[in-house]
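Step one of this worksheet: look at the structure below.
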Amino acid sequence: MSQVRVRFAPSPTGFLHIGGVRTALFNWLFARQQGGIFVLRIEDTDQSRSTDESIQAIIEGMKWVGLDWDEGPFRQTERKDLYCQHAMKLLETGHAYWCVCKAEELEARRKEAEAKGLSPRYDGRCRNLGIASPTEDAALRFKAPQEGQIVVDDLIKGKITFDTSAADDLIILRSNGYPTYNFSVVVDDALMCITHVVRGDDHLTNTPRQIPIFEALGFPVPQFGHLPMILGSDKARLSKRHGATSIMAYKDMGYLPEAMVNYLVRLGWSHGDQELFTRRELIEKFSWKHVQSSAAVFNPDKLLWINAEYIKSSSPSEVAEALVPLLNAAGLQEQVRTVSKEWLAQVVVLVKERTKTLVDMVEWVKPYFGQEAIYEVEAAKKFLSPMTAPLLQKLLTRFEAFPRFSKQAWEESFKKLVEEEGIKMGALAQPVRVALTGRTASPGLFEVMEVLGRDRTLYRLQKGVERASGG
RNA sequence: GUCCCCAUCGUCUAGCCUGGCCUAGGACAUUGCCCUUUCAAGGCAGUAACACGGGUUCAAAUCCCGUUGGGGACACCA
């Protein structure tokens, strides 16, 4: 069997959409599993809507989620000659004809047909005119077969039968010389020897229009697979009003690329009850057979859960590295510069159980920077009251007696004080927590002290005493 | 309007192809309990679904037909 060749072919008319990432992902997974080739092709034949920024955004997004391509990126605008050549070939072999209908006329006729409740298709008026070399602006149309059926054996949906009589004579070359989508796709897929065309569900009805073009051109017809759409919570096609749809927006919101990949692949594909997969497992276990044929609702809650799982299970130093840009974005670049990577990784370990995104994590990490604890007003008012001052002072005195920090020794000392005072754990723990972190919620006190180090712990306790005494 | 696709807990899904192991499993979310110095995390338990109607069969979530509902496509956009 020949080598598997698949492609991802976005049009550069905006950011990279998460639906696009999922389509790319399924293709990529299949290519990697089969030892095949993954091609990136930019479909920019619509010059009015395509931008270079969008191409950059696509590349940036693909890189972020780690979907590397083996060939490309190819740009269709750079392959214009190829499309013309093949279009001429169709003209020569009688599979295409010149159409001199004006765009406005076509539009008017379409509207009219629609108003009458008819199918808004081309009436074929130039089909048999036999225009050899048009003297005016003309578009080239493909002579679509008018009888019979086209059966697509879809990788995901199985056999689908279309009546050819419903097919239109598509324009393949615009009057400005540029090819249209359905034609350039076929020429490229054929020339790039794509063996499996896997794309979104919305292209399903393009398939029976494209197959005759492959055939007319004398190219083998690839296998097709149509991925179900991603829907918003209201079951309408996912769009901005459902929240962020750009893949890079998720980076900014503190999602890990591996978590995005894991979520997106599970949205429509499954392997028994398994929820979490390493990339290696994904490549190994992926199968078209278990790709769902119905649309899926995008569930931000589950994505959040998966992200939390990845934050917990990824290596702390990697998480710390991904965190740095967000820390900088939050205005902490000064503080970040003064700490070591190792220390930051240590802080990550401290907070990773309680954060679901890296953006959350920024907030959790803040108290460990700087000499001073920054008190939340309510927290200080409640726990650093004059009543607690003597208690904190007693603890501080005991801690000061230790020449070095020891989690075990300090904790024992702490518990002993609680016992002697006949108070509840929380009566001492909460004031200490506020003194150390400025907040009422934090990781375990002694883990916090470990990260802070002896000097800063003592310093912050001292400041806590002062604040509690009414300072 | 025409054509095409789809239909299991609120959501993602397992099971469907190759009917009996399904009293329909898992996960997210949600509720309660446990753990606990706070917040989490974790553990345990609970609520919750085969869209509907006909067939076929000893037996249907699974096969067939219809209905309803949802989605998509019908451009000199991609």
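Letters go in sequence order (proteins before strands), and every chain restarts at 1. We use all heavy atoms of the structure for the numbers below, so side chains are in, but hydrogens, waters and symmetry mates are not. Owing to the predicted nature of the structure, the values given are computational and were not obtained by experimental measurement.
Comparing B:G71 with B:C28, their P atoms sit 29 Å apart, to the nearest whole Å.
Here A:Asn206 lies in heavy-atom contact (under 4.0 Å) with a base. Here A:Ile171 lies in heavy-atom contact (under 4.0 Å) with a base. When heavy atoms are screened at a 4.0 angstrom cut-off, A:Leu304 is found touching no nucleic acid atom at all. Residue contacts shown for A:Lys424 are absent, as no nucleic acid heavy atom lies under 4.0 Å away. Across all strands, A:Glu309 comes closer than 4.0 Å only to sugar-phosphate atoms, never to a base (heavy-atom distances). A:Thr45 comes within 4.0 angstrom of the backbone, heavy atoms only, and of no base. Using a 4.0 Å heavy-atom distance criterion, A:Pro443 is classed as a base contact. Looking at heavy-atom distances under 4.0 Å, A:Gly268 makes contact with sugar-phosphate atoms alone, never a base. A:Cys101 comes within 4.0 angstrom of a nucleotide base, judged by non-hydrogen atoms across all strands.
Heavy-atom minimum distance, A:Tyr122 versus A:Cys99: OH-SG, 3.3 Å.
Remark: C1' of B:U37 and CG of A:Leu436 are 13 Å apart, rounded to the nearest angstrom. A:His203 has its NE2 atom 15 Å from the P atom of B:A75, to the nearest Å. The separation between A:Asn299 atom CG and B:U30 atom P is 11 Å, rounded to whole Å. Atom CG in A:Leu238 sits roughly 16 Å away from atom C1' in B:G70 (whole-Å rounding). Between the CG atom of A:Asn182 and the P atom of B:A73 there is a distance of 13 Å, given to the nearest Å. Here B:U37 presents its P atom at 18 Å from CD of A:Glu421, a figure rounded to the nearest Å. Residue A:Arg237 contributes atom CZ, which lies 18 Å from atom P of B:C5 at whole-angstrom precision. Atom CD1 of A:Ile160 and atom P of B:G72 are 17 Å apart (whole Å).
One finds no side-chain N or O of A:Lys235 lying less than 4.0 angstrom from the OP1 or OP2 phosphate oxygen of B:C6. Between A:His226 and B:C6, a side-chain N or O to OP1/OP2 separation shorter than 4.0 Å is absent. The side chain of A:Arg110 places an N or O atom within less than 4.0 Å of a non-bridging phosphate oxygen (OP1 or OP2) of B:C76. Phosphate contact (OP1/OP2 of B:A7, side-chain N/O of A:Gln292, threshold under 4.0 Å): absent. Contact check, A:Lys415 against B:U37: no side-chain N or O comes under 4.0 Å of OP1 or OP2. The side chain of A:Lys356 places no N or O atom within less than 4.0 Å of a non-bridging phosphate oxygen (OP1 or OP2) of B:A40. Remark: A:Ser270 is in phosphate contact with B:A14, judged by side-chain N or O atoms under 4.0 Å from OP1 or OP2. One finds no side-chain N or O of A:Thr180 lying less than 4.0 angstrom from the OP1 or OP2 phosphate oxygen of B:A78.
The side chain of A:Glu353 sits closest to B:A40 out of B:G70, B:A40, B:C4. Of the candidates B:A40, B:C17, B:C28, the closest approach to any side-chain atom of A:Arg354 belongs to B:A40. Closest contact between the side chain of A:Ala296 and the listed nucleotides B:A78, B:C6, B:U13 involves B:U13. Side-chain proximity of A:Glu43 to the nucleotides B:C6, B:C4, B:A78 is greatest for B:A78. Listed nucleotides B:A78, B:C5, B:C17 differ in distance to A:Lys157; the shortest reach to its side chain belongs to B:C5. In this structure, of B:C28, B:C76, B:U37, it is B:U37 that holds the atom nearest to the side chain of A:Met425. Listed nucleotides B:G10, B:A29, B:U37 differ in distance to A:Trp305; the shortest reach to its side chain belongs to B:A29. The nucleotide whose nearest atom lies closest to any side-chain atom of A:Asp202 is, among B:U37, B:U11, B:A73, B:A73. Out of B:A73, B:A78, B:U38, the shortest distance to the side chain of A:Thr205 is found at B:A73. Listed candidates were B:C12, B:G72, B:A78. Nearest to the side chain of A:Ser11 is B:A78.
Side chains of A:Ser48 and A:Asp46: a donor-acceptor N/O pair is present below 3.5 angstrom, by distance only. Inspection of the A:Tyr178 and A:Gln47 side chains reveals an N or O donor paired with an N or O acceptor under 3.5 Å. Counted by atom type alone, A:Thr357 and A:Asn307 present zero donor-acceptor pairs between their side chains at under 3.5 Å.
For A:Asp201 against B:G72, a side-chain-to-base donor-acceptor contact under 3.5 Å is absent. Taking 3.5 Å as the limit, the base of B:G26 and the side chain of A:Glu275 contain a donor-acceptor pair of atoms between them. Remark: the A:Ser293 side chain and the B:C6 base include no donor-acceptor N/O pair separated by less than 3.5 Å.
Legend: residues meeting side-chain hydrogen bond (donor to acceptor under 3.5 Å, both in side chains) with A:Glu420, ordered by chain and number and at least two apart, are A:Arg398.
The aromatic rings of A:His226 and A:Phe224 sit parallel, their planes meeting at an angle under 30°, below the 60° perpendicular limit. A tilted orientation is assigned to the rings of A:Trp269 and A:Phe277, their planes being inclined by 30° to 60°. Ring-plane geometry between A:Tyr255 and A:Tyr250 is classed as perpendicular, the angle between the planes exceeding 60 degrees on a 0 to 90 degree scale with a lower cut at 30.
Using the Watson-Crick or G-U wobble rule with both distances under 3.5 Å, B:A40 pairs with nothing in any strand shown.
Toward the 5' end of RNA chain B, the nearer of the two residues A:Lys159 and A:Thr355, judged by each one's closest nucleotide, is A:Lys159. Nearest-nucleotide assignment on RNA chain B puts the 5′-proximal partner with A:Leu303, out of A:Glu411 and A:Leu303.
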Inset, instruction - Could you give me the CA-CA distance, side-chain angles and deciding distance for A:Asp169 and A:Arg141, then say whether salt bridge (Lys or Arg N to Asp or Glu O under 4.0 Å) is met? - result: CA-CA 6 Å; A:Asp169 280 352; A:Arg141 280 189 191 267; over 6 Å; no
Inset, instruction - Let me see the working for A:Tyr310 and A:Glu318 under side-chain contact (heavy atoms from CB on, under 4.5 Å), right down to the final yes or no. - result: CA-CA 11 Å; A:Tyr310 273 87; A:Glu318 277 173 43; over 6 Å; no
Inset, instruction - Under the salt bridge (Lys or Arg N to Asp or Glu O under 4.0 Å) rule, what do A:Glu281 and A:Arg279 come out as? Steps first, then yes or no, please. - result: CA-CA 5 Å; A:Glu281 279 179 303; A:Arg279 201 166 281 232; over 6 Å; no
Every protein N/O within reach of nucleotides 33-35 of chain B N/O, cut-off under 3.5 Å:
none

